[in-house]
Amino acid sequence: MTSFWNTLPRPIIGLAPMDGVTDHPFRHIQKRYGNPDLLVTEFVRVERLAAGEMKLLRMLLYDESQRPIAAQVYGTTPAAFRAVAVLLCRLGFDGIDINMGCPSSSVAENGAGAGLIRTPELATEIIAATRAGVADWHNGATAWDLPDLPPEVAELVEMTHAQLPPRFQQQRSIPVSVKTRIGYDQPQVDNWIPHLLDAAPAAIGIHGRTLAQAYGGRADWDAIGRAVELARGSGTLVLGNGDVANRIDGLARTRAFGVDGVLIGRASHGNPFVFCADPDDPHESMQGDGVAGSQFPLLAIAAEHAALFEASLSEWPSYSFHLMHKHLRWYARRVPGARALRRKLIEARTAADVHHVLEGYRFSCGQPERVA
Ligand SMILES: Cc1cc2nc3c(=O)[nH]c(=O)nc-3n(C[C@H](O)[C@H](O)[C@H](O)COP(=O)(O)O)c2cc1C
């Protein structure tokens with residue numbers, strides 16, 4: 001069975017997973033206007049998802065335009081990874097990515113995320129357990145077979161499964177990949193990466209910082225290049241990550257460091273055009289209503305994003321339009337009078353408020369497409 005990784009263009013220019021950012025509306029907008037080769041969800045804690053915490057399913061929403069899409073998960077309990085793998089296969093994801101890179105104390109100090117760099121045996125067990133869950137699905141397991149999942153959650157998962165296009169309901173290869181860092185306190189690529197390679201993940205996304213560095217300093221691309229050397233001939237792809245500004249920068253780094261592709265994170269905030277062939281002249285990407293003719297295409301996209309955010313998330317528990325404000329601030333960075341505009345935008349309480357504020361910028365707002 002062919003893995004989706006083998007169908008991607010080379011080099012791969014993907015969107016990095018970001019908690020609180022890469023939700024369904026953000027991914028939809030990035031795909032529509034930038035068309036990254038790969039999307040990944042925000043990370044979801046397996047222990048909570050396996051226990052059926054309904055609101056986590058919101059983080060796993062996507063629509064068909066977003067393929068190929070991998071779901072990212074984190075945690076420390078192999079049995080929960082196995083159960084969640086069944087659930088993610090039933091939801092139709094194309095791949096499962098395991099987070100072994102998050103530096104946040106609430107994650108890493110509990111041994112998850114980058115904490116797994118310190119417990120490599122557990123990291124191996126988790127990869128194996130996730131694969132075992134994919135095998136359970138191949139053997140016919142459904143959400144109803146997961147013992148800790150409340151019936152209402154199993155029902156929602158199975159209803160979603162029934163609505164998938166037939167080819168995504170069928171058995172197919174669901175590869176397991178890992179996203180990690182170059183080390184915990186110090187770079188330790190020479191022992192950590194071979195350890196991961198022994199477990200043969202389909203791909204390793206590697207952020208060129210240690211946990212201790214969090215997001216400070218510059219990403220160490222020489223260390224990423226070393227990971228490429230170690231992975232050569234293994235069959236595992238290596239995606240470099242950290243400080244990539246846009247597609248052109250990403251292509252230069254693939255040539256310089258030999259990676260199979262890159263993941264772009266923060267540079268995509270408020271600007272899907274970073275994925276375009278020419279990020280400064282993204283005319284081929286501006287097909288949305290009101291975007292092509294706009295003097296400020298990113299503001300037209302902001303209005304569309306706000307409408308999609310409200311349309312797709314407002315029915316979910318603990319919905320708040322406040323979560324849209326950071327995106328609005330990012331979209332408004334590069335326009336004349338940005339500071340005053342940002343002030344107005346963060347007072348918006350609805351998508352209609354956003355539309356109203358942006359109308360002064362003389363563009364017509366696109367309507368969001370209907371999404372699942
Ligand atoms: C707000 C934020 C949230 C993030 N959440 C995740 C996450 O859920 N999973 C993950 O693997 N990495 C996460 N990351 C790390 C990014 O995927 C990426 O590794 C990092 O931002 C470096 O890439 P960049 O320089 O292109 O932003 C997050 C980063 C940011 C800024």
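Counting convention: from 1, in listed order, for ligands and their atoms alike.
Salt-bridge check for Asp185 with Arg118: passed, with a basic side-chain N closer than 4.0 Å to an acidic carboxylate O. Under 4.0 Å is where a charged nitrogen must lie from a carboxylate oxygen, and between Asp243 and Arg266 at least one such pair does.
Legend: residues meeting side-chain contact (heavy atoms from CB on, under 4.5 Å) with Glu125, ordered by chain and number and at least two apart, are Pro78, Leu122. Legend: residues meeting side-chain contact (heavy atoms from CB on, under 4.5 Å) with Ile96, ordered by chain and number and at least two apart, are Val73, Ala85, Leu88, Thr130, Val134, Ile174. Applying the side-chain contact (heavy atoms from CB on, under 4.5 Å) test to Gln188 and every residue at least two apart in sequence or in another chain returns Ile117, Tyr184, Asn191, Trp192.
For ligand 1, the protein residues within 4.0 angstrom (heavy atoms only) are Ala16, Pro17, Met18, Asp19, Phe43, Gln72, Asn99, Lys179, His207, Tyr215, Asn241, Gly242, Asp243, Ile264, Gly265, Arg266.
Between the side chains of Ser3 and Asn6, no donor-acceptor pair of N or O atoms lies under 3.5 Å.
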